**Student:** 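Before I ask anything, here is the structure I am working with.
Naming: A, B, ... by sequence-line order, numbering from 1 per chain. Since we're looking at a predicted model, the values are computed, not measured. Note that these values count all heavy atoms, side chains included, but never hydrogens, waters or copies made by symmetry.
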2 protein chains.
Amino acid sequence: MDRQECDSLFQRHGVKSTPNRIIVAEALSEASQPVSLSELEEKIVSIDKSGIFRTLSLFKDHHLVHVIDDGSGSVRYELCHSEDGHDDDQHIHFYCEVCRRTFCLSEIPVPEISVPQGYEVTSTNFVLHGICPECSRK
Amino acid sequence: MDRQECDSLFQRHGVKSTPNRIIVAEALSEASQPVSLSELEEKIVSIDKSGIFRTLSLFKDHHLVHVIDDGSGSVRYELCHSEDGHDDDQHIHFYCEVCRRTFCLSEIPVPEISVPQGYEVTSTNFVLHGICPECSRK
DNA sequence: ATCTTCCTGCAACCCGGTTGCAAATGCAGA
DNA sequence: TCTGCATTTGCAACCGGGTTGCAGGAAGAT
């Protein structure tokens with residue numbers, strides 16, 4: 001994602017462009033897997049933890065990223081792929097208990113669940129735990 | 001759950017019975033919803049946080065409870081209902097963003113997912129977020 | 001240039017979870 | 001019953017992710 005794509009992304013989501021935000025957005029887009037705050041801290045040495053955190057929070061509020069809680073103890077962030085303001089690109093994630101990485105199973109949509117009367121669903125968090133192909137081969 | 005049921009439960013799961021463990025097991029069985037460590041701390045004033053924690057860890061290792069990460073920042077515990085040693089009573093949970101309670105949607109089983117070749121699934125965590133009937137009525 | 005607002009870094013804090021350690025308890029064998 | 005060992009427990013301290021208060025700095029408006 002180059003500078004221009006970034007700005008257009010921000011504009012679509014109503015986020016003002018700043019140098020830090022561009023750096024964070026690029027780091028997110030480069031990641032092949034959902035990343036945690038601490039991973040971003042390591043990757044982006046130029047920005048303070050709190051800055052990254054606030055940027056992520058802002059992105060989250062503007063539906064630019066979505067949040068996955070894989071049960072590893074730290075939350076992970078992933079760029080939304082849907083272009084409209086809503087997270088309709090929810091998919092299942094897989095957390096490997098051996099290498100502790102989280103994978104997007106992008107192909108698999110979250111199954112539709114018919115909830116009991118009265119419940120109103122706004123988002124879903126569906127994480128499978130187990131062993132990834134790479135680790136189970138060993 | 002009375003004392004005797006407790007002991008039999010422990011025996012089935014290979015857990016030695018101690019006073020503390022009985023107290024924790026009873027607290028879990030009395031809860032209508034999955035409970036967090038801090039909730040148990042409030043409920044069980046006679047046992048130290050670390051004791052409750054260790055008891056829960058032990059229960060988890062012996063498949064006496066299962067763990068739900070509802071994304072609220074603290075993990076919740078729930079007595080397993082299946083009597084064999086394995087967690088085959090997985091079901092969906094609902095986290096209300098207003099009252100911050102977690103509900104078991106016991107009726108709804110976790111849908112079977114066919115994962116890509118190579119992935120080996122050991123457990124699932126499926127949590128819906130939204131507003132519960134009680135809160136949406138207001 | 002000045003004012004105001006927003007953005008940022010720093011340091012401190014909060015809280016859930018976890019561990020080391022030593023005292024207490026339980027249990028087996030003499 | 002006494003002794004020695006293993007397990008359980010409480011206490012205090014720690015850890016790490018997440019979060020916030022504050023003050024300095026940049027950006028935009030008047």
**Student:** Show the nearest heavy-atom pair for residues A:E26 and A:M1, with the distance to one decimal.
**Tutor:** OE2-O, 3.3 Å

**Student:** Looking at C:dT19, D:dG18, D:dT8, which one has an atom nearest to any side-chain atom of B:R21?
**Tutor:** D:dT8

**Student:** Pick base, sugar-phosphate or nothing for A:T18, based on heavy-atom distances below 4.0 Å to the nucleic acid.
**Tutor:** sugar-phosphate

**Student:** Expressed in angstrom and rounded to an integer, what is the separation of A:I52 atom CD1 from D:dT19 atom C1'?
**Tutor:** 14 Å

**Student:** From the set D:dC11, C:dG17, D:dG17, return the single nucleotide nearest to any side-chain atom of B:D48.
**Tutor:** D:dC11

**Student:** Would you please name every residue forming a side chain to side chain donor-acceptor pair (under 3.5 Å) with B:S17, sequence neighbours left out?
**Tutor:** B:D7

**Student:** Once you round it to whole Å, what is the distance between C1' of C:dG9 and CD1 of A:I44?
**Tutor:** 15 Å

**Student:** Quick one: B:L40 CG to C:dC15 C1', roughly how many Å, whole number?
**Tutor:** 17 Å

**Student:** With nearest nucleotide decided by heavy atoms, which residue, A:K16 or A:Y77, maps closer to the 5′ end of DNA chain D?
**Tutor:** A:Y77

**Student:** Only one of B:E5, B:Q11, B:R12, B:Q4 clears side-chain hydrogen bond (donor to acceptor under 3.5 Å, both in side chains) with B:S8; which?
**Tutor:** B:R12

**Student:** Within this structure, what is the CG-to-P distance between A:L56 and C:dC7, rounded to whole angstrom?
**Tutor:** 15 Å

**Student:** Hey, is the side chain of B:R54 pairing donor to acceptor with the base of D:dG10 inside 3.5 Å?
**Tutor:** yes

**Student:** If you look at every strand shown and take non-hydrogen atoms under 4.0 Å, does B:S46 touch a base, only sugar-phosphate, or nothing?
**Tutor:** sugar-phosphate

**Student:** Just how far, in rounded Å, is C1' of C:dC6 from NE2 of A:H62?
**Tutor:** 13 Å

**Student:** Does A:K49 get its side chain close enough to the base of C:dG9, under 3.5 Å, for a donor-acceptor pair?
**Tutor:** no

**Student:** Given atom CD1 of B:I47 and atom C1' of D:dT9, what is their separation to the nearest angstrom?
**Tutor:** 10 Å

**Student:** Hey, what's the ring geometry for A:F126 with B:F126, parallel, tilted or perpendicular (30° and 60° as the breaks)?
**Tutor:** parallel

**Student:** In this structure, how many angstroms lie between the P atom of C:dG16 and the CD atom of B:E42, rounded?
**Tutor:** 10 Å

**Student:** Quick check on D:dG10: is either OP1 or OP2 less than 4.0 Å from any side-chain nitrogen or oxygen of B:N20?
**Tutor:** yes

**Student:** Which part of the nucleic acid, if any, lies within reach of A:S50 when heavy atoms closer than 4.0 Å are counted: base, sugar-phosphate only, or nothing?
**Tutor:** base

**Student:** Quickly work out the B:F53 CZ to D:dA12 P distance and round it to whole Å.
**Tutor:** 19 Å

**Student:** Any chain of hydrophobic side-chain contacts (each under 4.5 Å) joining B:V75 to A:V127?
**Tutor:** no

